[in-house]
Amino acid sequence: MVDYRSFEQLLHSRIKRRNLIIGVGAFTGLAIANQFSHQQAIAKSRFSNYPFTLGVASGEPYPTSVVIWTRLAPEPLNGGGMPPVNVPIHWEVASDRNMKRIVSRGTVLATPQLAHSVRVVVEGLQSDTWYWYRFNVGQDVSPIGRTRTAPFANSYLSKLNFALVSCQNYQQGYYTAYKYLAKDDLDLVVHVGDYIYEGGISASAVRQHNSPEILTLEDYRNRHALYKTDANLQAAHAAFPWIVTWDDHEVENNYANAISEVDNEPDQDPQVFLQRRAVAYQAYYEHMPLRPFSKPVGPDMQLFRRLDFGKLATFHVLDTRQYRTDQPCGDGTKERCPENLDPQATITGQAQEDWLYKGLNSSQAKWNVLAQQVIVAQIDRTVGEGGTYSMDKWDGYVASRDRLMRFLEQRKPSNPVVLTGDVHSNWAMNLKADFNDPESTIVGSEFVCTSISSGGDGADTSPAVEAYLPENPHIKFYNGQRGYVRCSLTPTTWKTDYLVLSNVTTPSGTISQRASFVVEDGRPGIQQV
Ligand SMILES: [Fe+2]
């Protein structure tokens with residue numbers, strides 16, 4: 001457990017005032033704990049409100065196990081509203097949607113240390129099978145969630161459908177994409193980051209954040225809880241298992257390892273920022289259906305990992321925030337500079353890079369999916385002579401990208417496809433051995449999903465982007481509306497559908513299919529259909 005008292009001492013007085021108020025709440029909780037013995041408190045199940053306000057979730061499907069998740073939070077925006085005692089929660093998993101044929105059940109302890117969140121690794125399940133699950137405590141029963149296991153890694157799988165999503169700024173739009181996604185024919189959801197945003201309240205936004213910029217563990221918990229109260233997001237979690245990875249806003253905009261964004265927050269000292277990172281990572285772990293090996297230790301959290309879906313697909317899930325060197329040349333969009341080309345600079349860190357190449361080398365999967373945060377392909381954002389590149393993407397870490405492109409070109413892992421978020425727009429691109437040579441080999445494909453809500457309604461095209469597309473012939477598609485991306489895989493074909501929303505600034509946006517691309521087995525690069 002991180003001691004963030006010294007961190008709090010550095011925070012603004014507004015934070016201190018807010019913590020005083022939270023302290024009163026904690027005292028009330030303590031009084032409740034003293035008034036009832038633990039068992040009595042449970043038997044009476046006297047929560048101030050329905051405790052399953054954040055819904056349920058599942059994730060990390062393996063062939064015989066999956067993680068199911070919930071959190072008791074009768075007052076979700078005020079620290080959860082639970083007394084500071086351990087609370088046993090019952091869970092059950094069934095093979096039918098009405099929870100009649102129970103295949104596994106048990107009890108798990110919700111503890112104040114993890115904000116009364118619980119995760120159960122349900123073991124002993126059948127592979128490649130749908131299940132339903134729910135939790136109960138006292139008289140209160142959670143919604144029923146649906147999940148599924150993966151096929152065994154060495155088994156044939158004829159198809160896999162999943163959604164790719166990212167960037168869900170609560171203030172900037174409704175989660176209408178999730179309403180449609182929850183009804184789609186999917187096996188899985190892959191979220192590549194910006195699950196929450198750390199910023200303060202925007203009075204003009206379509207719906208408001210619950211506090212100024214979040215800094216403490218309590219702040220991060222309340223922010224995750226705010227996002228999770230959204231009914232469409234809950235429906236999407238309840239419908240499918242998720243594989244999640246973070247981007248920057250789960251902690252702070254454009255942070256790099258121990259280096260904070262340059263701003264007026266009191267976290268500019270890396271030692272102080274690491275304390276902020278620790279509480280942000282803890283709150284993220286508490287709210288995501290991750291495996292226990294991801295439980296953070298201080299400011300460190302194991303998020304890069306691999307998941308197999310039969311012989312059809314392997315997901316290499318990356319973390320390009322925790323181990324990267326600082327953005328070169330002062331971040332932003334810049335011309336190439338020596339720091340930008342420094343072979344010592346890294347976006348993944350050495351250990352993760354080695355792990356990725358080892359996994360790609362030994363993969364038996366038809367499709368090797370790199371699920372990660374920021375754009376890999378080079379994008380020259382200056383029209384005409386010269387070039388400028390975004391220093392926060394792989395474009396800022398040219399040596400890292402060159403090594404990856406060289407690896408794909410030389411080692412030829414089966415069908416590499418990169419999945420990306422971050423930029424609040426849809427892109428479909430070829431990955432090139434040398435991005436500066438249009439004649440060079442295509443070594444893979446990259447599909448970038450737009451945001452769920454970040455950036456508001458958006459627009460189909462952007463004059464600024466249209467102007468520089470001719471500089472980047474490997475880019476085949478751009479769209480700036482909100483929505484999600486559906487990927488449908490078979491042993492012979494990968495199909496990507498870009499689903500876009502008419503608007504997200506009202507709750508009644510409609511969805512349509514804007515474009516589709518395929519990648520054929522054994523033929524790197526995308527083709528429009
Ligand atoms: Fe974002």
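The figures that follow rest on heavy atoms only: side chains count, while hydrogens, waters and symmetry mates do not. Just so you know, ligand 1 is whichever comes first in the structure, and atom 1 is the first atom listed for that ligand.
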Audit row: R482, D457, salt bridge (Lys or Arg N to Asp or Glu O under 4.0 Å) steps and yes/no | CA-CA 6 Å; R482 306 290 82 86; D457 292 338; over 6 Å; no

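- Closest heavy-atom contact between P289 and E60: O-CG, 3.4 Å.
- Protein atoms that are N, O or S and lie under 2.8 Å from the Fe ion (ligand 1) are these: C167 SG, D194 OD2, Y197 OH, H424 NE2.
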Could you go step by step and tell me if F315 and F162 meet the ring-ring contact (aromatic ring centres under 6.0 Å, His included) rule?
-> CA-CA 12 Å; F315 290 80; F162 68 90; 5.2 Å; yes

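- How far CG of L164 is from CG of D497: 12.0 Å, rounded to the nearest 0.5 Å.
- Residue W427 is tested with Y498, F477, Y478, F517 for a ring pair (Phe, Tyr, Trp, His ring centres under 6.0 Å); the sole match is Y478.
- No more than 12 heavy atoms of other residues, nucleotides or ligands sit less than 6.0 Å from atom CD of E335.
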